[in-house]
Amino acid sequence: MEDISQILDSLNPIQREAVAAPTGHLLILAGAGSGKTRVLVHRIAWILATQQAQAYNILAVTFTNKAASEMQKRINQLLDGISTTGLWVGTFHGICHRFLRMHWQEAKLPNTFQILDSDDQQRTLKRILIAQGLDEKTWTPKQVQHFINNHKEQGLRPQHIHVEAHETWLKRMLSIYQTYDEHCQRNGLVDFAELLLRTYETLRDNDALRNTYQTRFRHILVDEFQDTNTIQYKLIQTLVGKDSHLFIVGDDDQSIYSWRGAKIENIQRINQDYPNTHLIRLEQNYRSTGTILAVANQLIANNKKRLGKNLWTAGEKGDPVYLYTAYSDLDEARFVADKIAEWQGKWQEIAVLYRTSAQSRVFEEALLQRNIPYRIIGGLRFYERAEIKDVLAYLRLLHHRHNDTAFERIINLPKRGIGDKTLESLRATARQHQCSLWDAIQHALASQQLTKRAATPLLSFSTFIEELSQKIAGQPLHEQIKQIIQQAGLVAHYQKDDPVDATRRQENLDELQTAAEQFEKLYYSEPDIISAFLAQAALEAGEGQSQAFEDCVQLMTLHAAKGLEFTLVFLGGLEEGLFPHQNSIDEGNLEEERRLCYVGITRARQTLYLCHSENRAQYGQRSNAYPSRFIAEIPRELIQEVRLKTAFSVKSSVAIDASFQLGDNVRHPTYGDGVIIEQEGQGELMRLRVAFSNGTSKWLLLAYTRLEKMG
DNA sequence: TAAGCCGAACTTTTT
DNA sequence: GTTCGGCTTA
């Protein structure tokens, strides 16, 4: 590239220092909104433009597909036509998958190995547990899944785990782990954690291969390093050769995934493991107002375990941060929705953030009532939807008859009269012959031991799959999918199963065909497009819903908000027990909750509303709630409390609004709208009987209730 | 075999 | 208060 300066010109001095740093290991502590992605992208462009290395020598790792594609896109923009062929940008899992596809022999995998997603893994484990005759109450698939993934993420195989003779629980767990691994190996299945562990082990044990990659990757860039788990860090360490340079970007204050195995210690360990690492802090924030940053800084300063960092901005102080004390969760939602309704800009500039997904419902209802379009981020993703997984299971089985996971999913979908009894005998046959369930059908039919009632549907299923397989052979991917949906009669099945959901499912199936068509266009040169498509479906589960409604208020959990920014942010449910969550309080994990709050606050560009409620319905129970300690940790002078303009009674206040009269329309934070139908007593002892629109009526002591007088 | 009823659980979730 | 999964009944 002729114009190297263009890569540096748009950066501030510290960003420039990071981007143009001489080779050597670098740790960039990048605060929220400090231009983290920008620095990563410009660093890659800088390396290429100054010809320190070829694209082929660079590896850039991210945590989400979104971040990876964003980075790839921005690199291409910046380099404007200069080839980046050979550059590896992807998620840990994506990169490991690629590696294992290339080196399946060294990794001791079949070249047709399939990825087992979380759901498939759980189903597989469930079958193993049942096969071993274990009590489902004591040995839940979920618990076992957690145990296995947890150990794989620490790089531990069953034989590495020390067990004492008396530890029966652990012994049994290890034996299940072992059985599961053997099952996967036999059937060419690789779960998410295995992608990483297998790659690590292959590189560790194969000197030639390791040397090749260590020599190749002269620049290894890692984003969101505070989120790496043990095996991910080990993998990185294995890739670092004597001429490799680490460029690590992270923010210890934004580490919010310890419950998922992320080790915040990794970022603190870098200096020990690579003593010559140069540390650079990016503290200038380009996102939020001075006040919002002050609030964030003050809050996070309460954490003890920090590398330390203070965000600042050259911009304005801006609005104060608002605090609204709601009477109930409904009132909180009403307030938020009313404020949103006043908004002059685009809906998509607004986010409502909360600690738990269950909180979204009241916000949804309030927004729905006001006809404000919204979108919930997170939840079930496209390729995780049952109907999508059903079709993909057919596709899998049609191309790999011995895939038992796929087989189990669709053997009786739609209903073919093959029930648990028949299936159980098939499983037994499969175990006995050490074969797949598909082959077990042939054995079972040949042995003539089945009743006619069981044999007939099995035979027709087997014929159906064979015929469909011949029919779709050689056809394009989207056509195969179309045929599967039609021939299997899936639409009719969903219609019968749940007529209300059927339309939505149908739409998703159409979407799947479109997605397949797009995939074909993009990867037309791929030799095995079916496998590639299936792998992508597992690794990149896609968005929750289509992007059709672009301009929407965004509702999401704080975890889902990481990395995003909005002009106007509402942070709801700041209550003890909810945020910080009770479990975190009990586990003494308050610092992570505080970081989560810090993440939430730093999402806001211009205006931030903090909300808490004095009363909240949870698990169908209504109870009192107390303001979160995080509110108390923010200096009062940075906060402006919001009060209602309408007449309302104030608990323990001197002035009790006496303007309530018979017949007045009122609103109660918990019970909703109503009319005053009786009145007795005076002053603080005044009691009002209110008939609510839900049909109930209640006596309310004015001094202790929170009634609002309506127009 | 399949539909319907009842009891238990319930933070966060990417790959 | 909802959802999921297991158990019972037709």
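Each chain gets a letter, A, B and so on, in the order its sequence line appears, and its residues count up from 1.
Between A:D227 and the choices A:K263, A:R260, A:K562, the salt bridge (Lys or Arg N to Asp or Glu O under 4.0 Å) rule is met once, by A:K562. Here the options are A:I601, A:L299, A:L571, the test is side chain to side chain contact (heavy atoms under 4.5 Å, CB included), and the partner is A:F630; only A:L299 passes. The one candidate from A:R616, A:H581, A:H612, A:R355 that meets the side-chain hydrogen bond (donor to acceptor under 3.5 Å, both in side chains) condition with A:E575 is A:R616.
Using a cut-off of 4.0 Å between Lys/Arg side-chain N and Asp/Glu carboxylate O, A:R74 and A:E70 are scored as salt-bridged. A salt bridge is defined here as a Lys NZ or Arg NE, NH1 or NH2 lying under 4.0 Å from an Asp or Glu carboxylate O, and A:K389 with A:E384 fails to meet this definition. A salt bridge links A:D181 with A:K152; the closest basic N to acidic carboxylate O contact falls under 4.0 Å. A salt bridge does not link A:R361 with A:E364: none of the charged nitrogens is closer than 4.0 Å to a carboxylate oxygen.
Relative to the side chain of A:N583, the nucleotides B:dT12, B:dT15, B:dT11 differ in distance, and B:dT11 lies closest. Comparing B:dA2, B:dT13, B:dT15 by their closest approach to the side chain of A:F192 singles out B:dT15. The side chain of A:A560 lies closest to B:dT13, out of B:dT11, B:dT15, B:dT13. When distances run from any side-chain atom of A:R381 to the nucleotides B:dT13, B:dT12, B:dT15, the shortest one goes to B:dT15. Side-chain atoms of A:Y619 lie closest to C:dG1 of the nucleotides C:dG1, B:dT14, B:dT12. Listed nucleotides C:dT2, B:dT15, B:dT13 differ in distance to A:R361; the shortest reach to its side chain belongs to C:dT2.
At whole-Å resolution of the value, CG in A:L596 and C1' in B:dT13 are 12 Å apart. Residue A:Q145 contributes atom CD, which lies 13 Å from atom C1' of B:dT14 at whole-angstrom precision. Atoms NE2 (A:H146) and P (B:dT15) sit 19 Å apart, rounded to a whole Å. Rounded to a whole Å, the CZ atom of A:R616 is 15 Å from the P atom of B:dT11. In this structure, A:E592 atom CD and B:dT13 atom C1' are separated by 12 Å, rounded to whole Å. The CD-C1' distance, from A:E384 to B:dT15, rounds to 10 Å in whole Å. At whole-Å resolution of the value, CG in A:L330 and C1' in C:dG1 are 13 Å apart. As a whole-Å value, the separation of A:Y598 OH from B:dT12 C1' is 20 Å.
Here A:N65 lies in heavy-atom contact (under 4.0 Å) with sugar-phosphate atoms only. Heavy atoms of A:S584 sit under 4.0 angstrom from at least one base atom. Heavy atoms of A:E593 sit under 4.0 angstrom from at least one base atom. At the heavy-atom level, A:N412 lies under 4.0 Å from the strands shown only through sugar-phosphate atoms.
Under the 6.0 Å distance and 45° angle rule, A:R101 counts as a cation-pi partner of A:F113. Both the sub-6.0 Å distance and the 45° axial angle are not jointly satisfied by A:R416 relative to the ring of A:F461.
Phosphate contact (OP1/OP2 of B:dT15, side-chain N/O of A:S118, threshold under 4.0 Å): absent. Checking the phosphate oxygens (OP1, OP2) of B:dT1, a side-chain nitrogen or oxygen of A:T422 falls inside 4.0 Å. The phosphate of C:dG6 (OP1 or OP2) has a side-chain N or O of A:K126 nearer than 4.0 angstrom.
Put simply, A:F63 does not rest on the base of B:dT15: the two rings are not both less than 5.5 Å apart at their centres and under 30° in tilt.
Each of A:H93 and A:H581 lies near DNA chain B, and the nucleotide nearest A:H581 is the one positioned closer to the 5' end. Along DNA chain B, the nucleotide closest to A:A358 and the one closest to A:E540 are compared, and the more 5′ of them pairs with A:A358.
Remark: the A:R355 side chain and the B:dT12 base include a donor-acceptor N/O pair separated by less than 3.5 Å.
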Could you list, one pair per line, each protein nitrogen or oxygen that sits under 3.5 Å from a nitrogen or oxygen of nucleotides 4-8 of chain B, together with the distance?
none

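Separation of the P atoms belonging to B:dT13 and C:dC4 is 16 Å when rounded to the nearest angstrom.
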